[in-house]
Amino acid sequence: ETLRWLTQTQEKNAQFPIEAAAIERATAAGFTVERNEFQVLGLNLADALRLVGSGAFQLATTQVGSVAKDDPFLEGLDLIGVSTSMDELKPAVDAYREAFNDRLGEKFGVKALAIWPFGPQVFLCNQKLDDLSGLNGLKVRSFTASMSTLLENLGATPVTLSFPEVYPALQRGVASCGVTSPTSSNTGKWPEVTKYLYPLSVSGSVQAHLVNLEWLNALPEAERTALETDLKQMEDELWALAVATNDTAETCSTGGTCPEGGIYTKYDMTLVPVSDADKAKVASIASEKILPEWAERCTASYPECTSIWNATVGKARGLEIR
Amino acid sequence: MLGIGDIAFGFVLLLGLLFIGQHIATALFGVALLSAVWFFGDTMLRPFGTMMWGTLNNFLLVAIPLFVFMGEILVRGGVTERMYRALSGWLRPLPGGLLHTNIAASTVFAAISGSSVATAATIGTVAFPTFRSEGYKETWVAGTIASGATLGILIPPSINLIIYGAITNTSIGALFTAGVLPGLLLAALFAITIIIAAMINPAIAGGRQNLAPWSERRATLMDLLPPLFVFVLVMGSIYTGFATPTEAAAVGVVAALVLVGCSGDLNLPMLRESMLSTVTTTAMTLLILVAAFYLNFILGVLGVPSQVSAFVAELDVAPWLMLVILVAIYLVLGCFLDALAMMIATIPIVLPVMISLGYDSIWFGIFLVMMCELALVTPPVGMNLYVVQSVRGKGSVATVIAGVIPFIGCILLLVAAICAFPQIVLWLPSVGA
Amino acid sequence: MPHPPLALRILNQLAMVCALVAGAAVAILAVLIVVDVLGRSLFGYSLQGTDELGGYVLALCGSLGLSWALVKRAHPRIDLGFRFFGIRLRAALHVLAHASLAGFALFMAWHAYGELAATLRFGAVTNTPLQTPLWVPQGLWLVGLVQFAITALAMALHGAWLMSLDLDAVSRIYGPPTVQDEVGEYVAQEG
Ligand code: NA
Ligand code: NA
């Protein structure tokens, strides 16, 4: 059985060996895996649902936030400011998983066989920063609507930039700060152009491995189970990686002991300690601004949106949209 | 899966479609469509709509219409003619005389235009009349214009570098900055070639030069300011971090409008023609891009890039030998293919090989643009040759072809130089603001 | 030379109007971006989303602008082979080129329609600060592609019809411009 596997992971990424192992297991289970990268094929992550739903690819990875253009409900998995650590994110994702897959199945004909995070999305700035109030008046790179809402409420100016322009923008000062995970920023050489790392996480940048549902259901029982087990194992390993490797990357970026010969480079950024007041500030912006705004967008296309979210992620995180 | 025979067949089919006069976009699309249906039935036709929207809705490519518009406004505002006259007053005393003006004017025009063909047409139109009755050798007049114009895509802004950056996820700002030094070096190499040739054989530059009086020369110096101002504003915005390349292009458009407005050359018919011309160039480029991106997609799904990479890795040739082979391949391809189509069609196959050999993607972008420059002046398919020939309006295109030969040598020399000293390309982008 | 039929003249005019719309969009975009850049660096205020609007403007150029580029014979062809062909074959190849371009255009329009249909089915709204309902830009995109398909098809039919009347006219109207025409126009516009 041919399995065209469309991935965003490149060889330099920390996630690469884990995904490669999953592909090997799928091959051992009898699939003929043809691996392709989004970037090489000139495809956008944001189109993943359409690419898998049409059956052109049997499996694709994507960033959940970027496919939310086709359905805001999906973004409910990891809204900005709701889960600020991997420990908080895990139960939220598990609570939402069933509703998430139901929606994917009925609207797009796909199913997420693995849902996992890149890791905490933290602030990296080229200007001195003691706490979030330091963002006031700074230009910060934003890529989603709710990220912009957060930044505006913190007094920052959100600037939209494509990923390859972020490095030169930080270098030249078009932007003062960027938000991404410690791993991505370290492998993307951001510490060369930023000085301060503020490890307050605003989301986990959740990704999903989507498969075409019709294709999956047509598989022989044994193959389907093998694939599901395979991707479940990959998901667990990617969660573990998100915790472990981001700690390593953060230590490497901020002058701590860094393993030799790994994928991370040693830098000497200043690690700014996170204050409880800032955590509270993000939480209040989330519940007062971001959640209601999202609920409004989501309800427009899916009336049960709010009640489902309250019963799942909301319950797991102790939040409620009224 | 796919053998070398299939790839060769696809290439021959492409050449065949071009030979019978199909539009370049249709020919690229035809090969892609045939491969898609042959290998995948209708499965790989399904993502076409999604892909096409992704290509057309790419905000990195927005810099293309903006830079084209900027150049159109300046040309139609008469900026280039005045600039050419100013340069000719100053450069006549050099051995080779007015020939240097062609190179210098192309260099300055390249700094406000993203296209070599536009540079050739514009500079040619302004230049040829000034050479009447001056006794210059036609091969050298035509050769300097056709080759000088190739600087249009090396010196920023550059449509080719924008497209390269968008395809490969390389910073367009860094690519632009990287193109400055090689561009100036190439212009200098062109000038040195003229000087040497004129010293060996003064007849190529006619008789004694009549020099304009100092007062007149000083007066025309002001005419050089508008293009230089726009260039400094655009590249300065990018380099200092005031704006991204796309934003800098918009700044350039507004600056061009203000400049032309101040000189009293701004009017509605001129604005209308600039808009129509901008849309024409952009639409034509985008149609080729849509077809080429789809062809790349099909090649990618068929695994051609990784197979070629693996094949090259197995050959285990030294990186320098690989470069020599690559230059030779591009020289041949460039004879028969449109420069832009050649660039887009080869990036996905060649870039992974180069990265695995340890080359930088910014460096390779500049290398590739230099290959495009060669393609523009090598017969039988070389846009610059024909544009210059038609502006000349007499004799044969063979004169132009003969004229560019020494300058092809210059481009090859610079290619060798950036291979031996990659810092020529990489130094400027690495220096922080 | 036979007078072009009314339908073609109307299509040509329409192509120009659409190209002007796209061109005006480019000019407006430039001004918006400059306002955004100045606002951001001087007043710490950003319009947000000019990059997204830019993407739509580009899509307009690449759809509404296609027909005008065709009318101006700007879609490049390589006329390398023509010197070896006789006048009848040459004329037939010009018609063929326009017919296959029309086919390509139809294919694009059909798939653009599929994309727009999915957008409508999903109710897609960009997850960006602008929150654009995607059907608006994609609808305009489809309009441009349909127009392009019609224009190319009309030209192919006209060319085929002309073949029985005046082979020279086919080459003159539907052949690649001799670069002479192109530059001549450039000079004329400039002067
Ligand atoms: Na240029
Ligand atoms: Na050539």
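Sequence lines set the chain letters: A, B, ... in the order given, protein chains first and strands last, and positions in each chain run from 1.
In terms of non-hydrogen atom pairs under 4.5 Å with chain B, the most contact-rich of Ala69(C), Gly114(C), Cys61(C), Ala22(C) is Cys61(C). The candidate with the highest count of non-hydrogen atom pairs below 4.5 Å against chain B, out of Val26(C), Leu38(C), Leu116(C), is Val26(C). Taking chain B as the reference chain and counting heavy-atom pairs below 4.5 Å, the highest number among Phe84(C), Trp110(C), Phe107(C), Tyr56(C) is found for Phe107(C). Of the listed residues (Leu66(B), Val253(B), Ile24(B)), the one with the most heavy-atom contacts under 4.5 Å to chain C is Ile24(B). Comparing Pro76(C), Gly62(C), Gly103(C), Gly65(C) by how many heavy-atom pairs each has under 4.5 Å with chain B, the most go to Pro76(C). Contacts with chain B were tallied for Pro137(C), Gly175(C), Ala25(C); Pro137(C) has the most, counting heavy-atom pairs under 4.5 Å.
A salt bridge is absent between Asp338(B) and Arg77(C): the closest approach of a Lys/Arg side-chain nitrogen to an acidic carboxylate oxygen does not fall below 4.0 angstrom.
Neither the backbone nor the side chain of Leu257(B) comes within contact range of chain C; no heavy atom of the residue lies under 4.5 Å from a heavy atom of that chain. Contacts of Thr282(B) with chain C are made by side-chain atoms alone, with heavy-atom separations under 4.5 Å and no backbone atom involved. For Leu142(C), no part sits under 4.5 Å from any heavy atom of chain B, backbone or side chain. At a 4.5 Å heavy-atom cutoff, the contact between Val251(B) and chain C is made by backbone and side-chain atoms alike. Contact of Val57(C) with chain B is not made at all, since no heavy-atom distance falls under 4.5 Å. In this structure, chain C has heavy atoms under 4.5 Å from both the backbone and the side chain of Leu56(B). Heavy-atom distances place the side chain of Leu145(C), and not its backbone, under 4.5 Å from chain B.
Using modelled atom types, no side-chain atom of Arg76(B) and backbone atom of Met270(B) make a donor-acceptor pair closer than 3.5 Å. One N or O on the side chain of His75(C) and one on the backbone of Leu66(C) form a donor-acceptor pair closer than 3.5 Å. Distance alone, capped at 3.5 Å, places no donor-acceptor pair between the Glu247(B) side chain and the Ser237(B) backbone.
Val71(C) has its side chain out of reach of Met16(C): every pair of non-hydrogen atoms, C-beta onward, lies at least 4.5 Å apart.
Centroid-to-centroid, the aromatic rings of Phe104(C) and His23(B) stay 6.0 Å apart or farther.
Within 6.0 Å of the OH atom in Tyr113(C), the count of heavy atoms belonging to other residues, nucleotides or ligands does not exceed 12. Other residues, nucleotides and ligands place no more than 12 heavy atoms under 6.0 Å from the CG atom of Leu268(B).
Screening Val31(B), Leu45(B), Leu28(B) for a side chain to side chain contact (heavy atoms under 4.5 Å, CB included) with Tyr294(B), the sole residue that qualifies is Leu45(B).
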